[in-house]
Number of protein chains: 2
Amino acid sequence: MVATKEDFGHHISQQFNEDLGKVHAQFLAMGGLVESQVANAIHALLDTDAALATSVQENDAQVNAMETRIDSDLLQILALRQPAASDLRMVIAISKANTDLERIGDEATKIARLAKTASEEGESPRGYTETRHIGNQVRLMIREALDAFARLDVEKAFQVLQADAEVDREYQTATRALMTYMMEDPRHISRMINVLWVLRSLERIGDHARNLAEQVIYMVKGADIRHVSFDEVEKQVFSK
Amino acid sequence: MVATKEDFGHHISQQFNEDLGKVHAQFLAMGGLVESQVANAIHALLDTDAALATSVQENDAQVNAMETRIDSDLLQILALRQPAASDLRMVIAISKANTDLERIGDEATKIARLAKTASEEGESPRGYTETRHIGNQVRLMIREALDAFARLDVEKAFQVLQADAEVDREYQTATRALMTYMMEDPRHISRMINVLWVLRSLERIGDHARNLAEQVIYMVKGADIRHVSFDEVEKQVFSK
């Protein structure tokens, strides 16, 4: 049996399922925080803003606290409410996605640390255009994935999977270009490797956003599509 | 209420909890496979063995299938058995740890791909000693974490947390050394960056092994110690 958006909407609006609705809302709030952490970390790097980088590092504790709180609330729901069918899938999906959000927060913190290094040791002569571009892409992926999570929108989730494939390609191109620059200008290898780490973190953030989207498809369609071919996923998503 | 090893042993041995025992065994089997994937990926790199690298890449499908199977079985247990207390914590811990095992498998596949690149483009003049050393450390961490999972041994789990801190330090030292070599010998930058990626994957594997260990402490002690200071964790682990 496949749950529809209406099933979820119906359930969440009911009193008996208030707890699940609250965790869902907490999850989306955490998503908003994590999204702004990524945005600020990238700004800190591009604008050499060490103070902003520090605030990203400090806010990570809040992300961690939200992760712990959400998992604890999910445990309560499992223990006391014994949810079934689509509710149970939502609990599991939020539990998995919670980990991904926290990891996105970790990557934002890594970027913030690299932004600080860059503000101390000097900027890389190359790689910022690519960082800005891929940074915008993965921020959009996070937003779209959270939006898909909020609306239980599998088509939007599918778009996030497509966007991740594009990010992976651009990441490959950007890193190859940076390696070429390093060979041409070995004096700035250390600075360019910092940008390489930033790009790597952005690529990882894209992977985590894709994981969020996969959980949306799992919640709504009841299908585990994590290791399924793209064509097969497309079929699942657009089936009625 | 804190569960003891005896509680778990008692539960798992009972008929009514046969399903959970089976998933626990599947999880450990998957752990064994993942551990050998990491070992083979490192061997493939150090021995420039492209055939072994290919077999690691091929076996990843098996790791993925096991992840899917375990999550599906956990869903069944939650839906049909409605486990409580320590059983419920074990379900959640295996669910989280399952993701970490699959990600370790992904990192092994990345190392295998880099091993292939190295066998085609030539070896890096530097970094293999560090790769071997850190590789041995993280393999041991995986084994110890799985052993802690099997025996519900929180003291062993705590040792894995300590080992991860050591791996992180050695990873930092190794990457700094490699960057220095790159500046001295820019002709081989591309090959050395491949080793840098391998080291990064090993460091990530260490993080995932630490996550496994954290889940052991969660199962046995009922405490979420993911974002808790080392001293505080030590207190939890050694409390009766």
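The model shown is predicted, which means the values in this text are computed figures rather than measured ones. By convention in this document, chain letters (A, B, ...) are assigned in the order of the sequence lines, proteins followed by strands, and residues within each chain are numbered from 1.
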**Q.** Pair L78(A)-Q82(B), side chain to side chain contact (heavy atoms under 4.5 Å, CB included): steps then yes or no
**A.** CA-CA 8 Å; L78(A) 284 172; Q82(B) 302 175 332; over 6 Å; no
Q: Quick one: pull up NE2 in H227(B) and CG in D60(A) and give me the separation to the nearest 0.5 Å.
A: 8.0 Å
Q. Say you draw a straight line from CE of M192(B) to CE of M182(A); how long is it, rounded to the nearest 0.5 Å?
A. 11.5 Å
Q: Could you look at I92(B) and say if it's the side chain, the backbone, both or neither that has a heavy atom under 4.5 Å from chain A?
A: side chain
Q: Might you confirm whether atom CZ of R204(B) has over 12 heavy atoms from other residues, nucleotides or ligands at distances under 6.0 Å?
A: yes
Chain B contact via [X] - side chain, backbone, both or neither, heavy atoms under 4.5 Å:
| X | result |
| --- | --- |
| E67(A) | both |
| D100(A) | side chain |
| R176(A) | neither |
| I193(A) | side chain |

(Q) So which residue, L80(B), D224(B), T175(B), ends up with the most heavy-atom pairs under 4.5 Å with chain A? (A) D224(B)
Q | Pairs of heavy atoms under 4.5 Å with chain A: top-ranked of L74(B), L88(B), T99(B), V91(B) | A | L88(B)
Q) At their closest point, which heavy atom of R200(A) faces which heavy atom of S201(B), and how far apart are they? A) NH2-OG, 4.4 Å
Q) Looking only at heavy atoms, what is the nearest atom pair of S190(A) and M179(B), with distance? A) CA-SD, 4.2 Å
Q) Taking the inter-plane angle between the rings of Y171(A) and W197(B) on a 0 to 90° scale, is it parallel (under 30°), tilted (30 to 60°) or perpendicular (over 60°)? A) tilted
Q | Heavy-atom donor-acceptor pair, K96(A) side chain to S95(B) backbone, under 3.5 Å | A | yes
Q | R226(A) side chain reached by D71(B) side chain, heavy atoms, under 4.5 Å | A | yes
